[in-house]
Number of protein chains: 2
Amino acid sequence: MRGGKAGAEGGARGTGRRRTPERAGPRAARAAGTAGEAGTAGAILRAAERLFGEHGYEGTSVQQLAQLAGVNKALVFYHFGSKQQLFDAVLERYYRAHARAIRQAIRRARGGPRERIHQLLDGYLDFMERHRVYPRLVQQELARRSGRLELIRRNLGELASAVRTLLAGLCPEQGPLAPEHFFASFAGMVVTWFTHAPALGELWARDPLGTAMRRERRAHLHWVVDALLDRLLGERGPHAQRRP
Amino acid sequence: MRGGKAGAEGGARGTGRRRTPERAGPRAARAAGTAGEAGTAGAILRAAERLFGEHGYEGTSVQQLAQLAGVNKALVFYHFGSKQQLFDAVLERYYRAHARAIRQAIRRARGGPRERIHQLLDGYLDFMERHRVYPRLVQQELARRSGRLELIRRNLGELASAVRTLLAGLCPEQGPLAPEHFFASFAGMVVTWFTHAPALGELWARDPLGTAMRRERRAHLHWVVDALLDRLLGERGPHAQRRP
DNA sequence: CATGATGTTGACCAATCGGTCAATAGCCAG
DNA sequence: CTGGCTATTGACCGATTGGTCAACATCATG
């Protein structure tokens with residue numbers, strides 16, 4: 001807790017302004033549209049996406065935010081109510097975009113289970129490549145105390161249930177080969193590639209986010225998908241588990 | 001940049017103190033020992049490990065640090081010079097412990113390549129389970145501007161080269177099946193399990209860090225190792241690549 | 001006891017923090 | 001032109017930030 005009235009309550013000083021906390025901007029951000037958000041609020045939002053993604057919540061000041069957006073600092077509070085609510089708005093936007101991308105990838109998927117899984121992976125990778133600060137944002141939110149976990153859960157839930165549906169019948173429902181583990185494994189393999197990109201680049205003297213390396217990574221992940229699916233299908237037969 | 005002289009330079013005001021920045025503590029932290037660090041400096045270090053790991057660098061104040069350690073705030077600067085240098089000390093300690101654990105796992109490994117790989121994975125998991133804030137610390141450091149990338153590279157390098165040695169002859173040296181990709185994949189699968197634990201727990205109503213789930217996860221990862229190795233070995237034969 | 005190094009303390013600093021507020025600019029409807 | 005509404009501004013607030021400093025405690029050695 002730092003600065004300010006530390007609670008937004010307790011004021012009611014002199015003027016009759018009752019300080020309704022639900023206000024938070026010009027009529028709920030322009031009809032709550034999913035538009036590209038031109039104008040002042042949009043500029044602030046874009047600056048927030050970048051700075052929160054690069055420096056984290058605590059590492060970003062409202063001053064920097066306003067400066068990058070090219071607007072007055074007070075406008076941030078006018079349009080979004082508080083720094084925390086601005087952060088929530090940024091997360092919400094990303095989550096919506098992510099969920100939309102996942103749904104689209106599932107809807108467009110064609111072919112058998114194996115092909116559909118490959119297409120879902122491609123959709124996931126596409127989204128990550130288009131929104132590179134997103135995994136960092138999520139990770140930083142996870143690290144924070146009393147983060148908006150329900151937001152994350154809602155969003156992760158969409159992807160997780162998609163994976164569970166796709167894997168239905170291909171793997172056991174419980175134990176080490178449950179869909180949850182495969183979901184966590186692939187999310188991990190994809191996400192860390194982006195969050196650890198600076199260190200991996202330093203280590204290999206090749207930019208992991210460059211075109212060539214991204215394509216290579218994609219091929220690697222598809223190869224892993226096939227390897228796991230083959231073993232999964234093989235084990236449904238007479239094969240025994242290797243490491244009990 | 002926030003507070004203070006904002007540069008530690010340019011002072012030289014009045015007093016003759018030339019402000020040698022190399023000072024930073026009581027003769028370089030008690031002979032630079034790897035000891036358990038009892039005493040004031042140790043208490044500060046332990047508090048720093050916890051708070052930096054939980055709230056991140058920017059999210060932790062020197063005040064909180066000193067309070068948790070039960071010492072005066074000024075002592076933090078006396079023993080470690082600055083907040084940044086304290087953070088570096090914490091990272092350095094973890095890196096040393098990590099490198100030691102990796103070396104030990106490699107030295108103790110017995111059997112053929114497959115068995116050695118399994119044992120290295122176990123060693124990696126053991127370390128992560130014992131130091132749960134470590135992956136968060138690394139991630140937060142990665143996200144920060146002008147982080148100590150060389151520190152991370154040195155540490156990641158040790159593990160990466162171990163993986164490369166173990167995989168030598170088992171996989172191509174370049175392309176989507178290069179050791180680097182397998183290294184990144186397994187690091188990702190392990191690390192995200194810990195960094196995303198709160199969200200995954202919320203999602204599944206089971207604690208990913210609980211004993212049962214940790215054991216399950218370990219079994220899953222060993223299964224993945226076998227699946228990938230089998231396919232890798234199979235492809236060295238007459239098999240063709242599935243997805244060109 | 002005197003001395004000097006090593007630890008420790010609380011008061012203090014400028015800068016910055018998130019947030020508020022009265023004044024105002026712009027604009028459209030009446 | 002006049003209200004009334006929204007958007008914008010700059011000055012301002014108390015709290016907290018990382019960091020400094022002179023005074024002081026502690027203690028082994030001369």
Side-chain angles (χ1 to χ4, degrees), chain A residues 1-21 23-31 38-44 48 51 55 57-67 69-87, chain B residues 1-21 23-31 38-44 48 51 55 57-67 69-87:
Chain A
M1 219 59 75
R2 182 208 295 164
K5 278 277 149 42
E9 240 78 46
R13 160 160 51 105
T15 73
R17 290 283 306 271
R18 190 70 78 201
R19 179 75 180 97
T20 55
R23 173 179 132 274
R27 207 59 54 132
R30 211 180 300 278
T40 303
I44 295 173
L51 290 184
H55 310 317
Y57 181 80
E58 328 270 0
T60 302
S61 76
V62 182
Q63 195 76 258
Q64 299 169 352
L65 233 32
Q67 188 169 344
V71 304
N72 188 284
K73 192 184 75 162
L75 276 179
V76 175
F77 298 96
Y78 176 77
H79 284 283
F80 293 93
S82 72
K83 186 188 178 186
Q84 177 65 54
Q85 289 174 65
L86 171 58
F87 186 80
Chain B
M1 217 63 73
R2 181 207 297 165
K5 279 275 150 41
E9 239 78 47
R13 159 162 52 105
T15 72
R17 288 285 306 274
R18 191 68 80 203
R19 179 77 180 92
T20 56
R23 174 178 132 274
R27 207 58 54 134
R30 209 180 303 279
T40 304
I44 295 173
L51 290 185
H55 310 318
Y57 180 81
E58 327 271 0
T60 303
S61 76
V62 182
Q63 194 76 261
Q64 299 170 354
L65 234 30
Q67 187 169 344
V71 305
N72 189 286
K73 192 185 73 162
L75 277 179
V76 175
F77 298 95
Y78 175 77
H79 282 284
F80 293 92
S82 72
K83 186 188 177 186
Q84 177 65 54
Q85 289 176 63
L86 170 58
F87 186 81

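Values below: every heavy atom of this structure, side chains too, minus hydrogens, waters and symmetry copies. Chain A is the first sequence line, chain B the second, and so forth, proteins listed ahead of strands; every chain is numbered from 1.
Note: CG (Leu51(B)) to P (dT17(D)) measures 12 Å, nearest angstrom. Atom pair His55(A):NE2 and dC17(C):C1' shows a separation of 16 Å (rounding to whole Å applied). For the pair Phe80(B) CZ and dG18(D) P, the computed distance is 16 Å after rounding to whole Å. In this entry the distance linking CG of Leu75(A) with P of dA7(D) reads 10 Å, nearest Å. Computed from coordinates, the Gln67(A) CD to dG10(D) P distance equals 13 Å when rounded to whole Å. Atom pair Tyr57(B):OH and dT17(D):C1' shows a separation of 11 Å (rounding to whole Å applied). Ile44(A) places its CD1 atom 11 Å from the C1' atom of dA7(D), with the value rounded to the nearest Å. Atom CD in Gln63(B) sits roughly 12 Å away from atom C1' in dA15(D) (whole-Å rounding).
Among dG18(D), dG10(D), dT8(C), the nucleotide with an atom closest to any side-chain atom of His79(B) is dT8(C). Of the candidate nucleotides dG10(D), dT8(C), dG18(C), dT8(C) has the atom nearest to the side chain of Tyr78(B). The side chain of Ser82(B) lies closest to dG19(D), out of dT9(D), dG19(D), dC17(C). Out of dG7(C), dA7(D), dG19(D), the shortest distance to the side chain of Lys83(B) is found at dG19(D).
One N or O donor and one acceptor, one from the side chain of Lys73(A) and one from the base of dG19(C), sit under 3.5 Å apart.
Remark on DNA chain C: of its neighbouring residues Thr60(A) and Ala74(A), the 5'-side contact belongs to Thr60(A), judged by nearest-heavy-atom nucleotide. Residues Gln84(A) and Val71(B) each lie close to DNA chain C; by heavy-atom proximity, the contact nearer the 5' end of the strand is made by Val71(B).
In this structure, the side chain of Lys73(B) does not engage the main chain of Gln64(B) through any donor-acceptor pair within 3.5 Å. The backbone N or O of Val76(B) lies less than 3.5 Å from no partner atom in the side chain of Lys83(B), so there is not a single donor-acceptor pair. At least one donor-acceptor pair closer than 3.5 Å links the side chain of Thr60(B) to the backbone N or O of Leu51(B). Looking at Tyr57(A), its side chain never comes within 3.5 Å of a backbone N or O of Gly59(B) through a donor-acceptor pair.
Counting heavy atoms from C-beta on, the side chains of Phe77(B) and Val62(B) come closer than 4.5 Å.
OP1 or OP2 of dT8(C) sits under 4.0 Å from a side-chain N or O of Thr40(B). Close to dT16(C), at under 4.0 Å from its OP1 or OP2, lies no side-chain N or O of Ser61(A).
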